[in-house]
Asker: 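I'd like to ask some things about the structure below.
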Amino acid sequence: MLIVQKYGGTSVGSVERISSVAQRVIRTRQQNNQVVVVVSAMGKTTDTLVNLAKEISANPSRREMDMLLATGEQVSIALVSMALEALGQPAISLTGGQVGIYTEAEHSRARILEIHPHRILRHLEEGKVVVIAGFQGISSRDELEITTLGRGGSDTSAVAIAAAIAADICEIYTDVQGILTTDPRVVPEAQLMREITSDEMLELASLGAKVLHPRAVEIARNYGIPLVVRSSWTEHPGTKVISIQPTSRPLVGLEINSSVDAVELDTNQAKVALLRIPDRPGVAAKLFKEIAHQQVNVDLIIQSIHEGNTNDIAFTVTEESLKQAQAVAVAISPVLRSDPSNLEQAEVIVEEEVVKISIAGAGMIGRPGIAAGMFQALAEAGINIEMISTSEVKVSCVIESKKAQLALDVLCKAFAVEGKINSTPAIINRETPPVRGVALDNNQAKVAIRNIPDRPGMSAQIFAILAKEKISVDMIIQSQRCRVIQGEVTRDIAFTVAQADAHSALNLLEELAEKEGFGEVIVDSDIAKVSIVGAAMVGQAGVAAEFFRALALENINIQMIATSEIKISCVVARTDGERAVAKVHQAFNLARGEAIAIPSSTPQYPSLS
Ligand code: ADP
Ligand code: ASP
Ligand code: MG
């Protein structure tokens, strides 16, 4: 077999660790395999280098940062190679440039365009183990600029190399036994999963589970690379990431071709919106508990933020369930209204003639222009968007039924892909629990823009401006409530961006708001995003209700909600994030068995710092 093994920072964090990596590689080699090793920088080297740069300059150029950070991996490849040779195994270390890992000329976040496999294959033929620096590449052949792929990017290097040399398997060795139900640093009772689908893993990884770089999962999924995450300390088999056999794709433009796989139309949808309900813990829990009692399945759920002390929650259900859902919403709103903090009148709105149209694909991660392109295509066709809900791998819009076919046509054309009507996601088997994992993302900031005119093209404009500055947007939520300002209906839009981008997003949007006459732009970085993921939650009533109930019991207020078929995310106050993850993990019964010990945090495995 041809095997790619990737060893992360802690796995090569000391001389002892490097020699045990070398021994594992040799054992694999002796079992009649050819081995390519991809390594990260030792221990916390990359962080140390970042801090060094900060001491020299407040704002170093991205080019010089790449020059600096790429050195970390170069140390490890040389040492791993030496360790192999010292044990009698011929080996050769190679940098990203030497291997021919060509990337875009985008410093600090380059995407891989192509990998030339010849040199790797030649050295393998000579009987050598090839040790390659992860995280780095080289720009075009003329410039030969050293680039890096973004923090955590060695996973992506490894899977891309596996695709380029058509390896039989790519193994990611790290400091935990595999993929766990949540981050064991936050919840020590997290449990190992034997298997997970690449769609589930993509959501988890992009929602903050740092065990795998999301772009690595994207490549594994797109090219059908068998991927395993396991511990470099034990022989435990770890977790398999399962991808359905993909259609064959060219290896040129590896990380940039076909970012959207399909346009999906779901015609069996009806919308229920509750306006002006109180903004306090327990409200969403109460509503969705009652709905789950009726065995009604909810699909999209969104809750946006508002001025004052009220919120709106909107959700979609199948057309057959609309009457029941409406009855619950109407029955519950007087209960909510009797709340003394709710001074305004609550109101229930239903709409039957709606459909959900989505673009789906792993390649949307970190490519903000794609959602903007969807909104643009809909706007050009004169289609107004009633609800938007996004995850990293899907953007869904609720629009009026009349425009369904038109929307399908324009989006299939815009993204040059096939349309799918009323399809369902893949699950491993029927026994799979509805929720597989919980993720915490502390790196997001929430942005809200008030009073945007409710006509086609407005979201397109907003997200195109952000996309131009390469600002990725997640959890886009358009409010249900309207306000008439100078004779025009307006709505609010809220979304999240990476904290690092919050400041530039604010500047760009304030400029736009001024020009277009929108209302205020508000940014809040003091938030955490807590998400649950599971392909089997489709068609199961009560999953959302359980999630919201767990938060309500802890008196945690939900600021925003967004869902896709296989995940539900809530924005809560930063200080509530870890507690929320622990309680939600417990509520879904994911915490059975013993606590997980992380080797890097125990003294017998010192790591470089
Ligand atoms: P490496 O240096 O090997 O790439 P990372 O630190 O990047 O390792 O990723 C492994 C860490 O990811 C674990 O130590 C764990 O704290 C964290 N993590 C977050 N979510 C999960 C999860 N769902 N399963 C396993 N590990 C997770
Ligand atoms: N060394 C790089 C980092 O710390 C890449 C990696 O470890 O995956 O981000
Ligand atoms: Mg990592």
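All ligand and atom numbering here is 1-based and tracks the order in the structure.
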Asker: What protein heavy atom sits nearest atom 6 (C) of ligand 2, and how far off is it?
Answerer: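 For this ligand atom, the closest protein heavy atom is Ser154 OG, 3.1 Å.
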Asker: Checking contacts here: is it the side chain or the backbone of Leu204 that comes within 4.0 Å of ligand 1, counting heavy atoms only? Could be both or neither.
Answerer: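 It is neither; nothing of Leu204 touches ligand 1.
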Asker: Salt bridge check, Arg27 against Glu235: does any charged N sit closer than 4.0 Å to a carboxylate O?
Answerer: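 Salt bridge present between Glu235 and Arg27.
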Asker: Starting from the C-alpha separation in whole Å, work towards a yes-or-no answer on side-chain contact (heavy atoms from CB on, under 4.5 Å) for Tyr7 and Arg17.
Answerer: CA-CA 10 Å; Tyr7 292 92; Arg17 291 301 309 147; over 6 Å; no
Asker: For the side-chain contact (heavy atoms from CB on, under 4.5 Å) test, which of Val129, Leu87, Asn33, Val36 pairs with Val25?
Answerer: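 Only one option passes, and that is Val129.
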Asker: Between the side chains of Arg215 and Glu218, is the shortest nitrogen-to-carboxylate-oxygen separation below 4.0 Å, so that they form an ion pair?
Answerer: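 No, no charged N to carboxylate O under 4.0 Å.
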Asker: Within less than 4.0 angstrom of ligand 2, does Gly72 place any heavy atom?
Answerer: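 No, Gly72 has no heavy atom closer than 4.0 Å to ligand 2.
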Asker: Which bit of Glu73 gets closer than 4.0 Å to ligand 2, counting heavy atoms only: side chain, backbone, both or neither?
Answerer: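 It is the side chain that touches ligand 2; the backbone stays farther off.
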Asker: Is the shortest side-chain heavy-atom distance between Ile301 and Phe548 below 4.5 Å?
Answerer: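 Ile301 vs Phe548: side chains touch.
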Asker: Near Gly152, which atoms of ligand 2 are under 4.0 Å from a heavy atom of that residue?
Answerer: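 So the atoms of ligand 2 that pass are 3 (C), 5 (C), 6 (C), 8 (O), 9 (O).
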Asker: Answer yes or no: does an N/O atom from Lys6 fall short of 3.5 Å to an N/O atom of ligand 1?
Answerer: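 Yes, since at least one N or O of Lys6 sits under 3.5 Å from an N or O of ligand 1.
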Asker: May I ask you to check if ligand 1 and Lys210 share an N or O to N or O distance below 3.5 Å?
Answerer: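 Checking ligand 1 against Lys210, an N or O pair does fall under 3.5 Å apart.
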Asker: So is Phe135 polar-close to ligand 2, meaning N/O to N/O under 3.5 Å?
Answerer: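 Looking only at distances, the answer is no, because the N/O contact criterion of under 3.5 Å is not met.
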Asker: Can a non-hydrogen atom of Gly178 be found less than 4.0 Å from any atom of ligand 1?
Answerer: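 Yes; Gly178 lies near enough to ligand 1 that a heavy-atom distance drops under 4.0 Å.
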Asker: Show which atoms of ligand 2 fall inside a sub-4.0 Å distance from at least one heavy-atom site of Arg151.
Answerer: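 Heavy-atom distances to Arg151 below 4.0 Å select 3 (C), 4 (O), 9 (O).
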Asker: Select the closest option to atom 8 (O) of ligand 1 among Leu440, Thr10, Thr174, Val438, judged by heavy-atom distance.
Answerer: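 Result: the heavy atom closest to atom 8 (O) of ligand 1 is in Thr174.
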Asker: On a heavy-atom basis, which atom in Ile112 and which in Ser157 lie closest, and how many Å separate them?
Answerer: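 Closest heavy-atom pair between Ile112 and Ser157: CD1-CA, 4.4 Å.
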Asker: Do Glu104 and Arg109 meet the salt-bridge criterion of a basic N to acidic O distance under 4.0 Å?
Answerer: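 Salt bridge flag = no for Glu104 with Arg109.
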Asker: What I want to know is whether Val176 and ligand 1 share at least one N or O pair that is separated by under 3.5 angstrom.
Answerer: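 No; every N/O pair is 3.5 Å or more apart.
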Asker: Look at Asp47 together with Arg151 and state whether they make a salt bridge at an N to O cut-off of under 4.0 Å.
Answerer: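 A salt bridge is present here (some side-chain N lies under 4.0 Å from a carboxylate O).
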Asker: Does Val50 form a side-chain contact (heavy atoms from CB on, under 4.5 Å) with Met65? I'd like the steps, not just the answer.
Answerer: CA-CA 8 Å; Val50 169; Met65 280 309 283; 4.2 Å; yes
Asker: For ligand 1 and Leu180, I'd like to know whether there is a polar contact (N/O to N/O, distance under 3.5 Å).
Answerer: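 Between Leu180 and ligand 1 (N or O atoms, distance only) the closest approach is under 3.5 Å.
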Asker: Please indicate whether any nitrogen or oxygen in Thr46 is less than 3.5 Å from any nitrogen or oxygen in ligand 2.
Answerer: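 Yes.
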Asker: Quick check: does Arg185 get an N/O under 3.5 Å from an N/O on ligand 1?
Answerer: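 Checking ligand 1 against Arg185, an N or O pair does fall under 3.5 Å apart.
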Asker: Which is closest to atom 11 (C) of ligand 1 in terms of heavy atoms, Val581, Val186, Asp175?
Answerer: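 It is Asp175 that holds the nearest heavy atom.
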Asker: Which residue owns the protein heavy atom closest to atom 7 (O) of ligand 2, what's the atom, and how far is it?
Answerer: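 Checking every protein heavy atom, the shortest distance to atom 7 (O) of ligand 2 gives Ser40 OG, 3.1 Å.
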Asker: What pair of heavy atoms forms the shortest contact from Ser564 to Glu203, and how long is it?
Answerer: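 Closest heavy-atom pair between Ser564 and Glu203: OG-OE2, 3.4 Å.
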Asker: Using a 4.0 Å cutoff against the non-hydrogen atoms of Gly153, which atoms of ligand 2 qualify?
Answerer: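 So the atoms of ligand 2 that pass are 5 (C), 8 (O).
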Asker: Considering the options Ile77, Val37, Val4, Ile120, which one meets the side-chain contact (heavy atoms from CB on, under 4.5 Å) requirement together with Ile132?
Answerer: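 The option that passes is Ile120.
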